[in-house]
Amino acid sequence: MKWIRKSLIRSDKFRWAHSCLNNIVDIVKKLTPSLSDEQCAIIFKICTICALLIRLGFNYAHELREHFVKLLKGLRLQVCSSFAQIFDSYQQRAFAHEELQCFWKFFIEPSILNYNQTLERNSEAGFILPVSFVRLFVSWTRIPLLFRLLNAKFTSEINGETPIELVCNTLIHNGTPKATQNLILEGILNLLTLADEFQPENEVITLEQAYLPEASKEINLGTLILLNHIQKILIYLADHLPKDAKSAKKLPDLYLNILSRLSEFVSDKEVAVNFASTLILYVSKCHFKSEEKLSTILFTISRFVGFVENPEEYLRKIIRLFSSLKGRSPREALIAIVVSISKIDKIAKNAQLHKYLELLVELEAWDSQRINEADSARRHTALSLLLQSLQEDKTIPVTVLQLLAHSSTHTLIEVEDLSLRASASNFFRRLSDYIAGCNSLDENTMRGLLHSHLIELVLKGVQSPNETVRHEMIFSLANLIDLFPKDEILGPFSVLRSPNDKDVDFFENSTHIQLHRRQRAFFRFAEQLATKQVEISSSNLLKFILPILNPYLTEVTSKTSALSDQAIKLFCEILKLTHWPK
């Protein structure tokens, strides 16, 4: 001990330890395949001796100058890195029980005790780890055969049973640097994702293990080890998930992947509802460019949403996603939310709502044999049953009407199957008829359905780059004008309709297969605006008519040049009515 105390004030002794550890790492990296088991044992023992000397040196850290304490900490980090390299290189080696006991009892446990005793006060979360030990323990998460080291029991006074518990304590400790927290999270994700490896006949890890819970289904060992500490991980994630939608776009994928994999093991109702509310705010307010990230969030919500007490409120929050989300994966994840909600007792006991949610699932069915292709048969069947319900059921819930409107619009706009597209278009118009003639809807509810959903969806379709979709939605717009002639927004456009004489009907002619009929419709409307025969506010003209003109304003060909000229003329007449700020 006196030799150790004297050595601590000599820089050459630090250099000796540093050089010794560097040589160990070089040998392990370059000569591992050529070394015998006896030689490997010698290397492990040398590294253990170095670690023991460094650990004993910390007993006198209070007597040393700050410079030497920093050197000592550097050596502790280096010896932990050396052990990490040894374990990584000898993954299949069955370590002798005495080797691991010595490593555990004379280096790991005393070092952790000494570190926590030197802190001004113990962490409220229990014992924590220095960065060097965090790196050592996290290195084991990359090697499935070493997972049991993280679950090995401490036998001393350490307040915490296992290394993984101390890692989780360090994660939620307020003083832990962000980089260290991210390192721990990467280790947690490794435990959750890496599959178990075949164990050799002789156990690699012989240390006594802490109790592991029984899993209801087959999961990997890493996940099983984490189940005892899931609460601490969830506390960290809950504290660090952004509370506002603007910051959600920068949400690290690491957080989402961990939360997604842990979500199926959450049993705390309050925690689940909190995460469900936060994540559903993200998807309803933010536009995520990454389809994978969006799918991960939605699937995670589907696992949490089963705990909520007001499932219909969550249904209302995802309504607009049915017309905005693109791609098979995000939409399957969205439907997973609907399926989870439909299983909640409150919904399952509501036969009417449960039936429509099942039909909505069918309306979003995908072909299991083909990539990104809708299951036309199932969707056609769902649309047929829904059309029948529109005739027979006079009290369809408002939320269902909204969901069906957005889902059918997406099918019309995005699905390439012409037959399915035509069926979806027909259903949307029949749905509009139902809403207009539904006596169970009060005036405010009907107005909300019209202005906040039907008109919005029609305008989205009119702006589609696909001409067939645009024309279908122009027909739907004309249908809405006929259904709501007294509406303050749609009513003024009634003068452009002429069901008895289709030759002068603006909407019929603006979608006519003969281009000169479209040209004539634009010319006639421009003249009516110029002579004040038709008076419609400029804002409504820009909102409804400009999208119809837009394809002819932005894409001019020799075939459509005359049509484009009339579109420009009509656009100019609209601009003349616009109030320009001075």
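Side chains are part of it too, since the values below use all heavy atoms of this structure and drop only hydrogens, waters and symmetry mates. Residue numbers count from 1 along this sequence. Fair warning: this is a prediction, and the values are worked out from it, not measured in the lab.
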Asks: What are the two closest heavy atoms between Asn228 and Leu212, and how far apart are they?
Replies: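 Taking Asn228 first and Leu212 second, the nearest heavy atoms are ND2-CA, 4.3 Å.
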Asks: Report the C-alpha separation of Arg370 and Glu416 in whole Å, then their side-chain angles, then the decisive distance to 0.1 Å, and conclude whether the salt bridge (Lys or Arg N to Asp or Glu O under 4.0 Å) test is met.
Replies: CA-CA 14 Å; Arg370 296 172 180 167; Glu416 296 181 358; over 6 Å; no
Asks: Mind checking the CZ-OG1 spacing from Arg316 to Thr399? Nearest 0.5 Å is all I need.
Replies: 5.0 Å
Asks: Salt-bridged, Glu312 to Lys346, with N to O below 4.0 Å?
Replies: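 Looking at Lys346 together with Glu312, the answer is no, because their closest N to O distance does not fall below 4.0 Å.
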Asks: Inspect the contact between Lys576 and Glu573 and indicate whether a charged nitrogen and a carboxylate oxygen are less than 4.0 angstrom apart.
Replies: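 Looking at Glu573 and Lys576, the cut-off is met.
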Asks: Within the supplied structure, the quantity of interest is the number of heavy atoms (other residues, nucleotides, ligands) at a distance under 6.0 Å from Lys178 NZ; does it exceed 12?
Replies: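 Atom NZ in Lys178 is crowded, with more than 12 foreign heavy atoms closer than 6.0 Å.
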Asks: Check whether Asn509 reaches the backbone of Asp503 with its side chain - one donor and one acceptor, N or O, closer than 3.5 Å.
Replies: yes
Asks: If you measure only the distance, is there a donor-acceptor pair under 3.5 Å linking the side chains of Asp501 and Ser498?
Replies: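 Side-chain D/A pair, Asp501 to Ser498: absent.
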Asks: Kindly assign one of parallel, tilted or perpendicular to the pair His453 and His406, based on the angle between their ring planes and the thresholds 30° and 60°.
Replies: perpendicular
Asks: Does Ser425 reach the main-chain N or O of Arg421 with its side chain, forming a donor-acceptor pair under 3.5 Å?
Replies: no
Asks: For a quick check under 3.5 Å, do Ser290 and Glu292 share a side-chain donor-acceptor pair by atom type?
Replies: no
Asks: Given 3.5 Å as the limit, does a donor-acceptor pair link the side chain of Asp487 with the main chain of Ile481, or not?
Replies: no
Asks: Check whether the side chains of Ser407 and Glu364 place a donor and an acceptor atom closer than 3.5 Å, and report yes or no.
Replies: yes
Asks: Between the side chains of Ser376 and Asp417, is a donor N or O closer than 3.5 angstrom to an acceptor N or O?
Replies: yes
Asks: Just by modelled atom types, is the Ala336 backbone N or O under 3.5 Å from a matching donor or acceptor in the Ser340 side chain?
Replies: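 Pair found, side chain donor or acceptor close to backbone of Ala336.
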Asks: Strictly below 4.0 Å, N to O, side chains only: are Arg429 and Glu472 in salt-bridge contact?
Replies: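 Yes.
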Asks: May I ask you to check whether Asn190 and Arg142 show a side-chain donor-acceptor distance below 3.5 Å?
Replies: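 Arg142 and Asn190 do not have a side-chain donor-acceptor pair below 3.5 Å.
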Asks: Return the CD1 to CG distance between Ile396 and Leu353, rounded to the nearest 0.5 Å.
Replies: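 Atom-to-atom, Ile396:CD1 and Leu353:CG are 11.5 Å apart.
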Asks: Below 4.0 angstrom, N of the basic side chain to O of the carboxylate: do Lys569 and Glu527 qualify?
Replies: yes
Asks: Keeping Thr300 on the side-chain end and Ser263 on the backbone end, is there a donor-acceptor pair under 3.5 Å?
Replies: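 Here the side-chain-to-backbone pair does not exist.
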Asks: Output yes when Arg378 and Asp367 qualify as a salt bridge under the 4.0 Å nitrogen-oxygen rule, no when they do not.
Replies: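 Salt bridge flag = no for Asp367 with Arg378.
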Asks: Tell me whether Asn257 contacts the main-chain N or O of Asp253 through its side chain, where contact means a donor paired with an acceptor under 3.5 Å.
Replies: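 A pair under 3.5 Å: yes.
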Asks: Keeping the roles fixed (side chain from Tyr434, backbone from Ser389), state whether a donor-acceptor pair exists under 3.5 Å.
Replies: no
Asks: Starting at CD1 of Ile301, measure out to CG of Leu279 and round the result to the nearest 0.5 Å.
Replies: 5.0 Å
Asks: Look at the side chain of Arg331 and the backbone N and O of Leu325, then say whether any donor-acceptor pair between them is shorter than 3.5 Å.
Replies: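 Checked: pair present.
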Asks: Are more than 12 heavy atoms, taken from residues, nucleotides or ligands other than Gln369, located less than 6.0 Å from that residue's CD atom?
Replies: no
Asks: Supply the atom-to-atom distance Leu418 CG to Ser423 OG, rounded to the nearest 0.5 angstrom.
Replies: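 Separation between the atoms: 11.0 Å.
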Asks: Is a donor on one side and an acceptor on the other found under 3.5 Å between the side chain of Ser260 and the backbone of Leu256?
Replies: no
Asks: Any chance you could measure Ile548, atom CD1, to Leu477, atom CG, to the nearest 0.5 Å?
Replies: 6.0 Å
Asks: What I want to find out is whether Glu392 reaches Lys355 closely enough, with some N-O distance under 4.0 Å, to be called a salt bridge.
Replies: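 Looking at Glu392 and Lys355, the cut-off is not met.
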Asks: When you check the side-chain N and O atoms of Thr511 and Arg470, is any donor under 3.5 Å from an acceptor?
Replies: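 No, no side-chain donor-acceptor pair sits under 3.5 Å.
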Asks: Under the 3.5 angstrom rule, does the side chain of Gln181 hit a backbone N or O of Leu171 as a donor-acceptor pair?
Replies: yes
Asks: Listing request: all ring pair (Phe, Tyr, Trp, His ring centres under 6.0 Å) pairs with a residue in residues 459-494, at least two apart in sequence or in separate chains.
Replies: Phe493-Phe544
Asks: Determine, for Glu313 against Lys317, whether the closest basic-nitrogen to carboxylate-oxygen distance falls under 4.0 angstrom.
Replies: yes
Asks: Say you draw a straight line from CD of Gln402 to OG of Ser452; how long is it, rounded to the nearest 0.5 Å?
Replies: 8.5 Å
Asks: Heavy-atom distance under 4.5 Å between the side chains of Thr411 and Phe427, does that happen here?
Replies: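 No. Closest side-chain heavy atoms not under 4.5 Å.
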